[in-house]
Asks: 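First the structure, then my questions, so here it is.
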Amino acid sequence: MLAPGTPVRVRDDWPEARGPCHIRTPHYLRGRQGTVVRHLGAFRNPEDLAFARPAPTLALYHVAFEPRTIWPDAGGDEILVELYENWLEAA
Amino acid sequence: MNALTEAPSERLLAGLKHLLAAKGIATEEEIAARVAQTDRASPAQGARMVAHAWTDPEYRALLLRDGAQAAEAMGIAMGGLPPLGVLENTEETHNLVVCTLCSCYPRAVLGYPPFWFKSPGYRARAIRDPRGVLAEFGTMLPDRKRIRVVDSTADYRWMVLPQRPAGTEGWNADRLAALLREGDMIGVTVPSAAPSS
């Protein structure tokens, strides 16, 4: 399990370019670096549930991002997003 | 009603209910109970929780630790629903909730989302220009206050615990609950002891 404070990168992956899919990772975060804030629990992978496939249980994390690393003109101070472990890689 | 006068949607609904019962998935009574529960859900439920948290430190701690348990403690049924997380507004930080992907919303405690919550405009702008969106709701926050935008993307639903407004010292929970609007619990507005309208 990833500890709070762990730097992570969101996979720069675009499954929607390969065919039908269901993704809960917003496009604006692909390839971006953030920091784990907390472990939220374990949930079945919605990418499989959406297609009635067997769905493994994944760890879900709250990950914080610095908005100005995503958009230079961003107006907020923090973006906090729920992300599943299969989208996170070591930064 | 016969097959000639009933609408296709009514036939479809009757057929679906029949199949759900025949397959042992849900009875007519269970469906009626869930419809009644959904109709009861409104921002007044969330307001009761917030007002209670403002007047009872133990409940406040429970609300921040486990929103679903805190809702159950107020008689709001949360069985089978996604977990509820509660984000606390403080002197330092203001929380704003958006679902950039679709319209995830804590319906059990706030009811149906307002129409703008689901609009592409709100979803695209709240994440990138929260101060601009807040200004359009008439919410001006001091520059020193941090704005955290919470993108509700997955298995949780998120509600904001606003700061208790000044000038409400000594008020009971009912009077406090009457101050709260749904936007206060999304984070687009902040409650005030003297609402402008």
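Residue numbering restarts at 1 for every chain, and letters A, B, ... go by the order of the sequence lines.
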Asks: Linking I/L/V/M/F/W/Y whenever any side-chain heavy atoms sit under 4.5 Å apart, do B/Val35 and B/Leu19 land together?
Replies: no
Asks: Hey, any chance A/Val63 and A/Met1 share a hydrophobic cluster, counting ILVMFWY side chains that come within less than 4.5 Å of each other, even indirectly?
Replies: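 Same cluster.
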Asks: Given heavy-atom pairs under 4.5 angstrom as the criterion, report whether the side chain, backbone, both or neither of B/Thr93 touches chain A.
Replies: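 For B/Thr93, no heavy atom lies under 4.5 Å from chain A.
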Asks: Examine B/Met140 and B/Val149 and state if one hydrophobic cluster contains both, with Ile, Leu, Val, Met, Phe, Trp and Tyr joined whenever side-chain heavy atoms are less than 4.5 Å apart.
Replies: no
Asks: To check you understand the geometry: which heavy-atom pair defines the closest contact between B/Ala154 and A/Leu60, and what is its length?
Replies: CB-CD1, 3.9 Å
Asks: Might you confirm whether atom NE2 of B/His18 has over 12 heavy atoms from other residues, nucleotides or ligands at distances under 6.0 Å?
Replies: no
Asks: Tell me, for B/Arg148 versus chain A, whether the close heavy atoms (under 4.5 Å) come from the side chain, the backbone, both or neither.
Replies: both
Asks: Is there a chain of hydrophobic side chains (I, L, V, M, F, W, Y, each step under 4.5 Å between heavy atoms) that links B/Tyr112 to B/Leu180?
Replies: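 No, no single cluster joins them.
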Asks: So if I take each residue of residues 68-91 of chain A and look for any heavy atom under 4.5 Å from a heavy atom in chain B, which residues do I end up with?
Replies: A/Trp71, A/Asp73, A/Ala74, A/Gly75, A/Gly76, A/Asp77, A/Glu78, A/Ile79, A/Leu80, A/Val81, A/Glu82, A/Tyr84
Asks: For B/Ile127, is it the side chain, the backbone, both or neither that has a heavy atom under 4.5 Å from a heavy atom of chain A?
Replies: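 Answer is both: backbone and side chain atoms of B/Ile127 are under 4.5 Å from chain A.
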Asks: Which atoms of A/Tyr28 are under 4.5 Å from chain B, going by heavy atoms: the side chain, the backbone, both sets, or neither?
Replies: side chain
Asks: Tell me whether B/Met74 is reachable from B/Val50 by hopping between hydrophobic residues (I, L, V, M, F, W, Y) whose side-chain heavy atoms are closer than 4.5 Å.
Replies: yes
Asks: On a heavy-atom basis, which atom in B/Leu101 and which in A/Pro26 lie closest, and how many Å separate them?
Replies: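 Nearest heavy atoms, B/Leu101 then A/Pro26: CD2-CA, 4.0 Å.
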Asks: Taking C-beta and beyond as the side chain, do B/Pro83 and A/Phe43 meet within less than 4.5 Å on heavy atoms?
Replies: yes
Asks: Could you tell me how the ring of B/Trp158 sits relative to the ring of A/His62: parallel (under 30°), tilted (30 to 60°) or perpendicular (over 60°)?
Replies: parallel
Asks: Measuring from A/Arg24:CZ to B/Ser152:OG, what's the distance to the nearest 0.5 Å?
Replies: 9.0 Å
Asks: Atom CD of residue position B/Glu169 - does it have more than 12 heavy atoms of other residues, nucleotides or ligands inside 6.0 Å?
Replies: yes
Asks: Tell me, for B/Thr153 versus chain A, whether the close heavy atoms (under 4.5 Å) come from the side chain, the backbone, both or neither.
Replies: both
